[in-house]
There are 2 protein chains.
Amino acid sequence: MGRWEPDAAGRLREAAMALYAEQGFDGTTVADIADRAGVTARTFFRHFVDKREVLFAGSEELQRRMVDALTGAPRDAEPMDAITIALLAAAELFADRRDHSRRRQAVIAATPELREREFIKMASLVTAFTEALRQRGVEPDTASLAAETGIAVFRVAFERWVTGPEDADLADVMRGTLADLSELTA
Amino acid sequence: MGRWEPDAAGRLREAAMALYAEQGFDGTTVADIADRAGVTARTFFRHFVDKREVLFAGSEELQRRMVDALTGAPRDAEPMDAITIALLAAAELFADRRDHSRRRQAVIAATPELREREFIKMASLVTAFTEALRQRGVEPDTASLAAETGIAVFRVAFERWVTGPEDADLADVMRGTLADLSELTA
DNA sequence: TACTTGATGTCATCGAGTGACATCGGAGGT
DNA sequence: ACCTCCGATGTCACTCGATGACATCAAGTA
């Protein structure tokens, strides 16, 4: 056993999530979070670059999986088909975490600063998608448009999922949203 | 003539834009901006809620015009047609400011914090579009998807315009991007 | 034992952002 | 012409987010 309790980052994440939900983001200081996690504020900033990032720890993982799925799609798949595969890969990651996702979304939705951070994560996904599509040989302009559109679908589907019926399957919602899109733009 | 030079907000906007371009966003303090504008830092925060907002002064105007255009679209226009009208209204606003738009975009693109702020402005547009579409009688789910897609097109088109040939017409680029979208999702 | 490593604590400091109060020129009323 | 109120700004003090420099100490290793 080390000199301190293990998994300080995990404790900080939980403390932050709880406090943001209880007192709001603005009403919570980094010192509050650190106290609850049993460390100092300085340690908080060694684990997370800022007060927002503590809620977005899993985002690299999500991006990596989606991009891998996109890259691994059949060579002859059309852009939007490859995007679909990536969206379904994301659905797997969230499938058994609907409750946690809901609570997290509630906190984020309530705080403009956190929404900003979420948007930039989405933008990072767009960039990664664009790049992956170009690697597949998709024309640059088409790639960025497909990427942007794909993330729009992701956002809408996710929103539908967390606000919809409890037993809904995220993958189904993704497919349904994609179908709505082609109808809309027909 | 008043006790102070008039249009402090305007001077602050210009000073901020110039300094962010010269020294970067992080390398510029609010005190720097205020000094150049001939006021105190406290005054900066009376005009802008934070250090980022100074670059987004015109965004309410943009949103108002686009929503008005969307609301004013013919009653029988399909959702994406109404969206198109709104995008063309935005194009008018930027038509003669391509150079300024380019410089501003360059600064924003170089700074994650500013990109975050830009994204939330776009999100605000999505919300406003969604609401306006629902007012037109569009089904809620369709409305949010159309809004999200419309803003995606706006973003892509704007990007194409500022990076493309100097004499390109933003309205044409918007139409072209929309055409690309329907082809993509066909 | 002695040395190294890594995670944390401590201390000092800068900059963003805010509340409270002071200042003073100008507009409008008398 | 005088007075009063108002609004934009200045001044001061303070909290909090964020970072650099240095100290500490348990555990692993030679």
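Each chain gets a letter, A, B and so on, in the order its sequence line appears, and its residues count up from 1.
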So, does the side chain of A:Arg46 form a donor-acceptor pair with the base of C:dG9 at under 3.5 Å?
-> yes
Verify the contact: side-chain N or O of B:His47 to OP1 or OP2 of D:dT9, cut-off strictly under 4.0 Å; return yes or no.
-> yes
Count the heavy atoms of every other residue, nucleotide or ligand shown that sit under 6.0 Å from CD of A:Glu78, and state whether that count exceeds 12.
-> no
For the pair made of CG in B:Leu19 and C1' in C:dG15, what is the distance, rounded to whole Å?
-> 16 Å
Could you give the CZ-to-C1' distance, from A:Arg52 to D:dA18, as a whole number of Å?
-> 12 Å
Are A:Phe48 and A:Phe56 an aromatic pair by the rule of ring centers under 6.0 Å?
-> no
Taking OH from A:Tyr20 and P from D:dG17, how many angstroms apart are they, rounded to a whole number?
-> 8 Å
How far does CZ of A:Arg104 sit from CG of A:Leu114, to the nearest 0.5 angstrom?
-> 9.0 Å
In whole angstroms, how far is the P atom of C:dA7 from the CG atom of A:Asp7?
-> 13 Å
Identify whether any heavy atom of A:Ala41 sits under 4.0 Å from a base atom; if not, whether one sits that close to sugar-phosphate; answer base, sugar-phosphate or nothing.
-> nothing
In short, A:Ala168 meets A:Val173 closest at the heavy-atom pair CB-CG2, 4.3 Å
Look at the side chain of B:Arg3 and the base of C:dT23, then say whether one donor and one acceptor between them are separated by less than 3.5 Å.
-> yes
Separation of C:dA7 atom C1' from A:Phe48 atom CZ, nearest Å, is 14 Å
D:dG10 phosphate, OP1 or OP2, under 4.0 Å from B:Thr40 side-chain N/O | yes
What is the distance from CZ of A:Phe25 to C1' of D:dG17, rounded to the nearest Å?
-> 10 Å
Name the closest nucleotide to the A:Trp4 side chain, picking from C:dG17, C:dC11, C:dT8.
-> C:dT8
Could you work out which one of C:dG15, C:dA20, C:dG17 sits closest to the side chain of B:Arg42?
-> C:dA20
Measure from NZ on A:Lys51 to P on C:dG17 and round the result to the nearest Å.
-> 13 Å
B:Phe45 CZ - C:dA20 C1' separation (whole Å) | 17 Å
Which of parallel (below 30°), tilted (30 to 60°) and perpendicular (above 60°) describes B:Phe154 and B:Phe94?
-> tilted
Does B:Thr43 put a side-chain nitrogen or oxygen below 4.0 Å from OP1 or OP2 of D:dG10?
-> yes
